[in-house]
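Each chain gets a letter, A, B and so on, in the order the sequences are listed, and its residues count up from 1. Atom set for the values below is all heavy atoms of this structure, side chains included, hydrogens, waters and symmetry mates excluded. This structure is a prediction, so every number in the text was calculated from the model and none was measured.
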2 protein chains.
Amino acid sequence: MTSTATAPRRSPARRRVLDTALALFYAEGIHAVGIDRIIAEAGVAKATFYHHFPSKDDLVCAYLEEQIARVREQAVPQGETPEERIVSVFEGVGEVTCAPGFRGCAFINAAAEYPDPDHPVRRVVADFRRWFKGLLEELLVAAGHPEPQRTAVALMTLRDGLTVAGALDDPAEARPAVRAAVAHLIRPAA
Amino acid sequence: MTSTATAPRRSPARRRVLDTALALFYAEGIHAVGIDRIIAEAGVAKATFYHHFPSKDDLVCAYLEEQIARVREQAVPQGETPEERIVSVFEGVGEVTCAPGFRGCAFINAAAEYPDPDHPVRRVVADFRRWFKGLLEELLVAAGHPEPQRTAVALMTLRDGLTVAGALDDPAEARPAVRAAVAHLIRPAA
DNA sequence: ACTTTACCAGACAGACCTGTCTACCTTAGG
DNA sequence: CCTAAGGTAGACAGGTCTGTCTGGTAAAGT
């Protein structure tokens, strides 16, 4: 009980499985990708997989938590004023939506496959959304915005719409429209 | 060759299958619902099913086309001025997102399960989005809006975000924010 | 009266799914 | 030396998936 309880969180095999799951689940959907496929592509034995992840659902949760971690480190708000930092967050989202291989928000897509809001997977999705909305609200408060809560909801709506448009329509089309809407929202009419 | 080629589009059994598919696919996801389940709940023999729908993909396309038809007849823009009609369209969307059993936009959810943009299912999704955006653009032109195309894209983003928020967050929270944003967009700053 | 058409019931094939289990290998610490 | 842990390889069970096929019923048009 000194070092590891049951599953060692640091392990090359586990890392390979998680990386493979990240790529396949995002690109093809969760129900569409089986365990056999993941372990084959990760070059890992089945027993090893089930040693690290008790069930597929656990892997799916780990996949989404990995996505949260990546978004968190990639979308660090940059800029001096809070307003600039909000803009930078949206520029980051816009960048991603226009990148090749973009297939929409991983959390929205996952939620589409998991109807039950109480399912562990949906809880991770909710965690992500709470965090993102909290970040926006925090920046709006720092900017002295008169209606931080309501505006955070509006910005969240723009983010979701931007990711959907990036996946289903021309990715470059929605970006300027969202950019303009964000600029207007964070600098409320005098 | 006088009346029916191969499949009679009007048929009680076909109707039952389509209604069942509509309910199950929307509520639980497409890959998660099997043919066996649909025919059992529709009270239809397997041979009958495959007589009307050559494959599951055909049923999925028919399901989405049925969704288009329902949205089309339910979201008829009402009001005297074009601006009022745009508002009425969004009020309709807002109504649906707050209704019990709402699980997001059927087309966004379906696209999450079908990665290939050239797949027939994705083509139906694209059809819907073209139609909806065209409707908004048309109304904006009728309203004499200076930037109908760009504004239609912005409105589309708001619609997508509203449906996502309705499914994943508090449905009533996003509605006023979107309402305000729509009001601002269709009445551009003087 | 005959034929076509729609429908039901259910077996069946072949593939794929998750998850368990056995058996063996390799490496590092005590 | 030897033991424990992480890993590989792969068979296996039990279920579900799509799609086909056989066989029989009932109604409607010609």
Novice: Using 4.0 Å as the upper bound for N to carboxylate O, is an ion pair formed by Arg122(B) and Asp118(B)?
Specialist: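 Not counted as a salt bridge, because no side-chain N and carboxylate O are separated by less than 4.0 Å.
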Novice: When you measure from the side-chain N and O atoms of Arg16(B) to the phosphate of dC8(C), is any distance below 4.0 Å, counting only OP1 and OP2?
Specialist: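 For Arg16(B), the contact criterion (side-chain N or O under 4.0 Å from OP1 or OP2 of dC8(C)) is met.
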Novice: Using only side-chain N and O atoms of Thr48(B), determine if any of them is under 4.0 Å from OP1 or OP2 of dA6(C).
Specialist: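 No, because none of the side-chain N or O atoms of Thr48(B) sits under 4.0 Å from OP1 or OP2 of dA6(C).
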Novice: On the nucleotide dC7(C), are OP1 or OP2 found under 4.0 Å from the side-chain N or O atoms that His51(B) carries?
Specialist: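 For His51(B), the contact criterion (side-chain N or O under 4.0 Å from OP1 or OP2 of dC7(C)) is not met.
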Novice: Strictly by ring-ring contact (aromatic ring centres under 6.0 Å, His included), give each pair with a member in residues 70-109 of chain A just once, sequence neighbours left out.
Specialist: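 Every pair satisfying ring-ring contact (aromatic ring centres under 6.0 Å, His included) with a residue in residues 70-109 of chain A: Phe107(A)-Phe128(A).
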Novice: For the backbone of Ala23(A) and the side chain of Tyr63(A), can you confirm whether one donor and one acceptor N or O come within less than 3.5 Å of each other?
Specialist: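 Pair absent, no side-chain N/O of Tyr63(A) close to backbone of Ala23(A).
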Novice: Would you say the side-chain atoms of Thr157(A) and Asp160(A) include a donor-acceptor pair closer than 3.5 Å?
Specialist: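 Per modelled atom types, Thr157(A) and Asp160(A) side chains form no pair under 3.5 Å.
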Novice: Rounding to a whole Å, what distance do you find between His52(B):NE2 and dT5(C):P?
Specialist: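 One finds 13 Å between P of dT5(C) and NE2 of His52(B), rounded.
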Novice: Considering only nitrogen or oxygen atoms on both sides, find all protein atoms under 3.5 Å from nucleotides 16-23 of chain D and state each distance.
Specialist:
| from | atom 1 | to | atom 2 | distance (Å) |
| --- | --- | --- | --- | --- |
| dT18(D) | OP1 | Lys56(B) | NZ | 3.0 |
| dT18(D) | OP2 | Ile35(B) | N | 2.6 |
| dG19(D) | OP2 | Lys56(B) | N | 2.9 |
| dG19(D) | N7 | Lys46(B) | NZ | 3.2 |
| dG19(D) | O6 | Lys46(B) | NZ | 2.6 |

Novice: Between C1' on dT18(C) and CD1 on Ile39(A), what's the gap in Å once rounded to a whole number?
Specialist: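 For the pair Ile39(A) CD1 and dT18(C) C1', the rounded distance is 11 Å.
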Novice: State, yes or no, whether a side-chain contact exists between Ile186(B) and Val87(B) at a heavy-atom distance under 4.5 Å.
Specialist: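 The answer is yes; the side chains approach within 4.5 Å.
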Novice: Could you list the residues that satisfy salt bridge (charged side-chain N to carboxylate O under 4.0 Å, His left out) with Arg85(A), not counting sequence neighbours?
Specialist: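 In terms of salt bridge (charged side-chain N to carboxylate O under 4.0 Å, His left out), with neighbours along the sequence ignored, Arg85(A) is linked to no residue.
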